[in-house]
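Here's the structure we're looking at; comments come further down.
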2 protein chains.
Amino acid sequence: MTDTRWRPVKRTRTFEEVLAQIEHRISEDGLTAGDRLPAERQLAEQLGVSRSSVREAMRVLETLGVVSSQAGRGPDAGAVLVSRPDTALADLLRLHLGLAGLELREVVDTRLMIERWAAGHAATARADTSALAAAYAGMAGARTPEEFVEHDTAFHCAIADASGNRLTGAIMRSLRDSMRRYAVEAVERLGDTSPLQADHERILTAIAAGDPEEAARAVTDHLALAYPSLRQETP
Amino acid sequence: MTDTRWRPVKRTRTFEEVLAQIEHRISEDGLTAGDRLPAERQLAEQLGVSRSSVREAMRVLETLGVVSSQAGRGPDAGAVLVSRPDTALADLLRLHLGLAGLELREVVDTRLMIERWAAGHAATARADTSALAAAYAGMAGARTPEEFVEHDTAFHCAIADASGNRLTGAIMRSLRDSMRRYAVEAVERLGDTSPLQADHERILTAIAAGDPEEAARAVTDHLALAYPSLRQETP
DNA sequence: CATCGGATATGGTCTGACCATACTGTGGTC
DNA sequence: GACCACAGTATGGTCAGACCATATCCGATG
């Protein structure tokens with residue numbers, strides 16, 4: 001038998017080491033959104049690596065919605081810590097949908113799960129419904145399917161936000177972003193948007209009235225209407 | 001007034017152009033997991049950019065769990081398309097938890113939402129419970145909190161997987177990964193794991209018996225026990 | 001005091017080189 | 001013919017140094 005001695009699965013690449021250092025520094029120094037990271041050249045010298053490796057680490061952090069890089073000089077320049085999971089999640093889902101690693105029905109089911117949960121919570125908590133009402137009004141004035149979907153997205157994201165949980169809100173926004181195309185198609189296929197608006201009014205009323213069961217039912221019925229082909233999966 | 005002529009909000013960086021090209025190529029050529037991307041040098045030449053820019057784009061795709069790079073030569077070498085949203089999601093959540101952009105209670109609440117939903121679906125679908133049973137047995141033989149949490153994570157991820165929805169499964173895995181530390185602390189604080197095991201048996205039985213309501217209740221009670229400080233948020 | 005223009009710090013890109021890794025093919029050995 | 005050792009080579013990983021684009025800062029100038 002040849003040499004099957006154990007070798008480490010994978011040598012840690014330099015930029016991963018940089019990532020670990022930065023992450024360590026964040027948790028150690030208690031950095032939060034708004035704080036600045038050292039400049040790329042400076043970081044490279046501190047860690048004893050090349051600027052390329054630092055840059056690749058920065059790309060990763062930027063992809064994850066943790067830093068935002070800005071050229072130039074001054075307080076706003078450089079790599080600033082942010083907290084923007086939404087766009088990162090949206091990119092992630094969009095790419096995996098495109099890769100056929102995920103199917104639309106899985107995304108829609110997940111969305112239904114979140115939305116029922118959020119609608120119930122929002123109703124229980126008697127959450128502020130002004131954002132919902134604004135989006136509802138926006139849909140009424142929409143002239144194209146794209147415009148309608150825009151406000152529809154805002155409406156449904158407002159439901160998730162009203163639950164008070166930022167994580168579900170972020171997931172919701174990403175789900176909507178990644179399935180925008182299909183939403184437009186669904187609206188075009190339906191033609192008339194008035195049934196959708198009736199649903200929306202029912203949802204809005206239930207949340208405002210603080211009726212979690214009715215809110216959850218209304219959301220379920222609404223998604224069954226918007227995505228009839230997936231109906232059988234919503235018990 | 002100075003020149004207020006319109007400038008594009010932000011000049012698209014080169015590597016973003018590369019990203020768009022690759023993404024376009026994926027959806028256009030119908031590439032799926034397992035297919036190979038051109039080599040970095042080759043891609044750089046094709047797109048008329050430097051290898052650095054291609055590499056930064058690769059880092060982004062790798063971060064999103066879409067490609068996996070492997071040095072060397074042969075069929076497995078180079079940038080291969082994969083579909084691994086789990087690790088990407090886990091990194092994302094972990095970093096945002098560290099940045100205080102998210103709070104633990106939001107993560108736990110989201111986990112409860114998914115787990116109730118998944119338990120109900122798994123019970124309804126009479127899903128295969130062998131993975132659940134195996135993880136349950138693993139917990140019984142665990143000797144340290146870390147080991148217990150390891151199998152506990154497998155158990156709860158198996159619930160999410162049993163729902164048949166890969167997206168919720170991936171989210172579940174990421175949530176568990178990102179809160180592993182807190183889970184270990186919770187087990188240590190509890191000391192005795194037998195109440196947890198009793199819960200697990202109840203969940204397992206309910207799913208195997210195809211009783212969605214009981215499964216959802218069992219999961220809810222279980223998380224209330226494991227995270228007592230968050231109990232008031234689980235109506 | 002106001003304004004303009006260079007100095008400067010920052011990220012963005014490119015080039016070319018070298019290293020580490022892992023397969024490929026070739027040639028020798030048994 | 002089967003097997004094995006070794007050079008060849010394509011791939012990603014890293015580095016160094018240069019230059020460009022952008023945005024602020026600051027001093028000179030009117």
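In what follows, chains carry the letters A, B, and so on, assigned in the order in which the sequence lines appear, proteins first and then strands, with residues in each chain numbered from 1. Note that these values count all heavy atoms, side chains included, but never hydrogens, waters or copies made by symmetry.
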[X] [atom1] - [N] [atom2] separation (whole Å):
X     : N      : atom1 : atom2 : answer
A/M58 : C/dT10 : CE    : P     : 12 Å
B/R51 : C/dG16 : CZ    : P     : 14 Å
B/Q70 : C/dT21 : CD    : P     : 11 Å
B/L37 : D/dA10 : CG    : C1'   : 16 Å
B/E17 : C/dC14 : CD    : P     : 11 Å
B/E45 : D/dT11 : CD    : C1'   : 16 Å
B/L19 : C/dG12 : CG    : P     : 14 Å
A/E56 : D/dG12 : CD    : C1'   : 10 Å

Run the ring-ring contact (aromatic ring centres under 6.0 Å, His included) test against A/F148 and tell me which residues pass, sequence neighbours left out. none
Going by modelled atom types, is there a donor-acceptor pair between the base of C/dG11 and the side chain of A/R41 at under 3.5 Å?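 Under the 3.5 Å cut-off, the side chain and the base do form a donor-acceptor pair.
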Has the side chain of B/R59 got a donor or acceptor that lies under 3.5 Å from a partner of the other kind on the base of D/dG13?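 Between D/dG13 and B/R59, which were checked side chain against base, a qualifying N/O pair under 3.5 Å is absent.
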At under 4.0 Å, does any side-chain N or O of [X] touch on OP1 or OP2 of [N]?
X     : N      : answer
A/T14 : D/dT14 : yes
B/S53 : C/dC14 : yes
B/S52 : C/dC14 : no

Remember a base hit wins even if backbone is also touched, and classify B/A77 as base, sugar-phosphate or nothing at under 4.0 Å, heavy atoms.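 Counting heavy atoms under 4.0 Å across all strands, no contact is made by B/A77.
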Min side-chain heavy-atom separation B/L223-B/R116 under 4.5 Å: no
Are the side chains of A/M58 and A/L43 in touch, meaning some heavy atoms are under 4.5 Å apart?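 A/M58 reaches A/L43 side chain to side chain.
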Could you tell me whether A/E150 and A/R180 have a side-chain N and a carboxylate O separated by less than 4.0 Å?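 Between A/R180 and A/E150 there is a salt bridge, with a charged N closer than 4.0 Å to a carboxylate O.
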What nucleotide, of D/dC15, C/dT10, C/dC14, holds the atom closest to the side chain of A/V49? D/dC15
Considering only D/dT14, D/dG13, C/dT10, which nucleotide approaches the side chain of B/E40 most closely? D/dG13
Check whether more than 12 heavy atoms from other residues, nucleotides or ligands sit under 6.0 Å from atom CD of A/E188, and answer yes or no. yes
Protein-nucleotides 23-27 of chain C N/O pairs under 3.5 Å:
residue : atom : partner : partner atom : Å
C/dC23  : O4'  : B/R73   : O            : 2.7

Could you pick out which residue, B/Q42 or B/R55, lies toward the 5' side of DNA chain D when each is mapped onto its nearest nucleotide? B/Q42
Centre-to-centre under 6.0 Å for B/H200 and B/H151, is that the case here?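 Between B/H200 and B/H151, the centre distance exceeds or equals 6.0 Å.
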Side-chain donor/acceptor of A/D29 to backbone N/O of A/L31, under 3.5 Å: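 Judged by distance alone, no pair lies under 3.5 Å.
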